[in-house]
Amino acid sequence: MIKWEKKNNMLILSGKSIGNHETSSFTDTLTIEKLTKNELILKKGSLTINDQKQ
């Protein structure tokens with residue numbers, strides 16, 4: 001199960017990763033570079049994720 005939360009210009013993802021009979025918790029924070037009705041751009045370090053609605 002993954003949860004998300006938006007705080008200012010940050011997207012915080014958290015949940016539990018299940019694999020190899022082990023469960024570990026995780027939290028990841030990405031910067032919201034752009035958020036519109038049709039586009040979402042997230043950034044973390046040198047990684048950029050661009051999602052556009054068609």
Side-chain angles (χ1 to χ4, degrees):
M1 181 170 161
I2 297 176
K3 296 179 183 179
W4 64 271
E5 179 181 1
K6 181 182 178 292
K7 283 189 178 178
N8 300 319
N9 69 329
M10 305 300 276
L11 177 63
I12 303 165
L13 303 173
S14 60
K16 293 189 179 191
S17 177
I18 302 170
N20 296 332
H21 306 288
E22 247 181 62
T23 301
S24 58
S25 297
F26 70 88
T27 300
D28 204 358
T29 303
L30 300 104
T31 302
I32 301 170
E33 295 285 316
K34 184 176 182 181
L35 176 60
T36 67
K37 181 178 175 184
N38 296 315
E39 186 174 19
L40 171 63
I41 300 175
L42 301 171
K43 193 161 190 163
K44 180 175 182 180
S46 62
L47 173 67
T48 300
I49 300 168
N50 188 343
D51 185 48
Q52 294 184 4
K53 192 175 187 180
Q54 299 296 326

So the side-chain hydrogen bond (donor to acceptor under 3.5 Å, both in side chains) pairs with at least one residue in residues 18-28 (sequence neighbours excluded) are D28-K44
By side-chain contact (heavy atoms from CB on, under 4.5 Å), which residues pair with K6, not counting sequence neighbours? W4, I32, L35
Joining Ile, Leu, Val, Met, Phe, Trp and Tyr whenever any side-chain heavy atoms lie under 4.5 Å apart, the cluster holding I2 also takes in F26
With sequence neighbours excluded, what pairs up with I41 under the side-chain contact (heavy atoms from CB on, under 4.5 Å) test? E33, K34, E39, T48, N50
Under 3.5 Å, sequence neighbours excluded: what are the donor-acceptor pairs made by side chains of residues 7-17?
none

Within this structure, what is the OG1-CG distance for the pair T31 and L47, rounded to the nearest 0.5 Å? 11.0 Å
